[in-house]
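Accompanying notes for the structure given below.
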Protein chains: 2
Amino acid sequence: MTNQELKLKQAGFKITTPRQLILEVLKKYKTPLSAKQIYQYLPQIDLVSIYRNLKLLTNLKIIFQEIINNETFYYLDKKIHHHIVCQRCGRTECLPCNHKYKIKNFTNISHQLILSGLCNHCH
Amino acid sequence: MTNQELKLKQAGFKITTPRQLILEVLKKYKTPLSAKQIYQYLPQIDLVSIYRNLKLLTNLKIIFQEIINNETFYYLDKKIHHHIVCQRCGRTECLPCNHKYKIKNFTNISHQLILSGLCNHCH
DNA sequence: TTTATAATTGCAAATCATTTGCAATTATAT
DNA sequence: ATATAATTGCAAATGATTTGCAATTATAAA
Ligand SMILES: [Mn+2]
Ligand SMILES: [Mn+2]
Ligand SMILES: [Zn+2]
Ligand SMILES: [Zn+2]
């Protein structure tokens, strides 16, 4: 039983084939993937189930998400980090996060940083 | 002729009533607004025209945009800055930006930082 | 100050990501 | 093995945004 499967079980959710396959895809491709991209790798699973499971896994903090251009991307990575996206070809690269924000009048602060530019293939 | 109208004219676009009204609303309310929110203030203008004009004004860098929770918000502000959004009530507050990013393999880098938390009304 | 023309608008319908309802299927605890 | 609640798949709804097209309008030339 993988680490992620254990978290699922401990939270009282079933370990199902769709869930295992989605996690395998995220593990294999490393880069952040959208629901639709995951669906292309797993056409046997209903897109709706992919959406539902991505939401569940995100709630359980088994995976993480980032919204880029009105589309949500998911990635499996214990350590929080950021991404830079090429505005022409969509290539993404990961970047470390060492930010800490403290803001008056707000608590429970989380942050999302999206960098965008031209990769050297496209430049 | 306002500064924004001048930019429109110089770029070869017409100064129309919808465009003037949209800019007035953004000027009046200061906080970032979505197309739908602007439409609520300007029900006489077709929502589609609001979308088209927001896109045009953004391309011309007369206004700026930020995507929060899969919805695009627009604001009229010369100086780039960021926003913190209350995850419960949606209240937003502006924050200064003094970030500069330099990343290997990428040029033309721009960034978007979205902070989210609980405002002290909701906490 | 008309007039011509291209840009812009409004309305309907399309599109795209995501969600919801519901009956059929399946993982797990007994 | 069986019961049962969780999960799935399919269809249809939703919400944001875009597109096509005919009617309207801002602008600049006559
Ligand atoms: Mn960070
Ligand atoms: Mn910044
Ligand atoms: Zn690129
Ligand atoms: Zn709040």
Side-chain angles (χ1 to χ4, degrees), chain A residues 1-2 4-25 32-60 62-75 85 90 112 114, chain B residues 1-2 4-25 32-60 62-74 85 90 114:
Chain A
M1 171 135 49
T2 70
Q4 292 93 236
E5 286 174 1
L6 192 68
K7 282 190 198 169
L8 267 177
K9 193 178 190 67
Q10 286 176 339
F13 296 97
K14 294 181 178 174
I15 298 165
T16 65
T17 310
R19 284 173 189 166
Q20 290 176 312
L21 290 174
I22 290 169
L23 287 168
E24 275 172 30
V25 165
L33 297 173
S34 66
K36 214 172 31 176
Q37 288 174 319
I38 295 171
Y39 182 52
Q40 283 167 353
Y41 293 125
L42 300 172
Q44 71 270 38
I45 299 174
D46 195 285
L47 181 56
V48 174
S49 299
I50 292 178
Y51 273 109
R52 278 195 272 233
N53 283 319
L54 287 173
K55 176 171 277 189
L56 174 73
L57 294 168
T58 304
N59 288 341
L60 296 178
I62 294 174
I63 64 177
F64 302 90
Q65 63 169 213
E66 193 153 295
I67 298 169
I68 298 173
N69 282 131
N70 278 324
E71 203 177 351
T72 310
F73 290 76
Y74 299 86
Y75 57 97
V85 190
Q112 179 184 2
I114 296 167
Chain B
M1 173 138 46
T2 70
Q4 292 93 234
E5 287 174 1
L6 193 69
K7 283 190 198 169
L8 266 177
K9 193 179 190 67
Q10 286 176 340
F13 295 98
K14 292 182 179 174
I15 298 165
T16 65
T17 310
R19 284 174 189 164
Q20 290 176 312
L21 291 174
I22 290 168
L23 288 168
E24 275 172 33
V25 165
L33 297 174
S34 66
K36 216 174 26 175
Q37 288 174 319
I38 294 170
Y39 181 51
Q40 283 166 354
Y41 293 125
L42 300 173
Q44 71 270 37
I45 299 174
D46 195 286
L47 181 58
V48 174
S49 300
I50 292 177
Y51 273 111
R52 279 195 273 233
N53 283 319
L54 288 172
K55 177 170 276 189
L56 174 72
L57 294 168
T58 304
N59 288 341
L60 296 178
I62 294 174
I63 64 177
F64 303 91
Q65 62 168 214
E66 194 152 295
I67 298 169
I68 297 173
N69 282 133
N70 278 324
E71 202 177 353
T72 309
F73 289 76
Y74 298 86
V85 189
I114 296 168

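The sequence lines fix the lettering, A, B, ..., with proteins before strands; numbering per chain opens at 1.
- Residue order along DNA chain C, read from the 5' end via each residue's closest nucleotide, puts A:Lys55 first among A:Phe13 and A:Lys55.
- Mapping A:Ser49 and B:Thr17 onto DNA chain D by nearest heavy atom places A:Ser49 at the nucleotide closer to the 5' end.
- Listed by chain and number, the residues in a side chain to side chain contact (heavy atoms under 4.5 Å, CB included) with A:Phe73 are A:Pro32, A:Ser34, A:Gln37, A:Ile68, A:Glu71 (sequence neighbours excluded).
- B:Arg52 comes within 4.0 angstrom of a base, heavy atoms only.
- Across the protein-nucleic acid pair, A:Leu33 atom CG and C:dA17 atom C1' stand 16 Å apart, rounded to whole Å.
- In this structure, B:Asn70 and B:Gly12 both approach DNA chain C, and ranking their closest nucleotides by distance from the 5' end singles out B:Gly12.
- Here C:dA27 presents its C1' atom at 13 Å from CE of A:Met1, a figure rounded to the nearest Å.
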- Message: Show, in sequence, the C-alpha distance, side-chain angles and deciding distance for A:Gln44 and A:Leu42, and conclude whether the side-chain contact (heavy atoms from CB on, under 4.5 Å) test is met.
- Response: CA-CA 5 Å; A:Gln44 71 270 38; A:Leu42 300 172; 4.0 Å; yes

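- Nearest heavy-atom pair across B:Tyr39 and B:Asp46 is CE1-C, 4.4 Å.
- Side-chain contact between A:Leu60 and A:Phe13 is present, with heavy atoms from C-beta onward closer than 4.5 Å.
- Here the side chains of B:Thr17 and B:Ile45 are not in contact, with every heavy-atom distance at 4.5 Å or above.
- The nucleotide D:dA22 finds its pairing partner in C:dT9, both defining distances of the Watson-Crick or G-U wobble pair being shorter than 3.5 Å.
- Look at A:Tyr51 and you won't find any side-chain N or O under 4.0 angstrom from OP1 or OP2 of C:dT19.
- Rounded to whole angstrom, the span from the CD1 atom of A:Ile68 across to the C1' atom of C:dA17 amounts to 15 Å.
- In this structure, A:Arg19 and A:Lys14 have side chains that are in contact, with non-hydrogen atoms separated by less than 4.5 Å.
- For the segment residues 34-48 of chain B, residues with any heavy atom less than 4.0 angstrom from an atom of DNA chain C are, sorted by number, B:Gln44, B:Ile45, B:Asp46, B:Val48.
- Here the range on DNA chain D touched by chain B, meaning any atom under 4.0 Å from one of its heavy atoms, is D:dA16 to D:dA28.
- The shortest heavy-atom contact between A:Lys9 and A:Met1 is CD-CE, 3.7 Å.
- Contact of the B:Leu21 side chain with the B:Ile38 side chain is not registered, since no non-hydrogen atoms from C-beta on lie closer than 4.5 Å.
- Spacing between atom CZ of A:Phe73 and atom C1' of C:dA17 amounts to 11 Å, rounded to whole angstrom units.
- A heavy-atom distance below 4.5 Å is found between the side chains of A:Leu8 and A:Leu57.
- With rounding to whole Å, A:Leu56 atom CG is found 15 Å from C:dA27 atom C1'.
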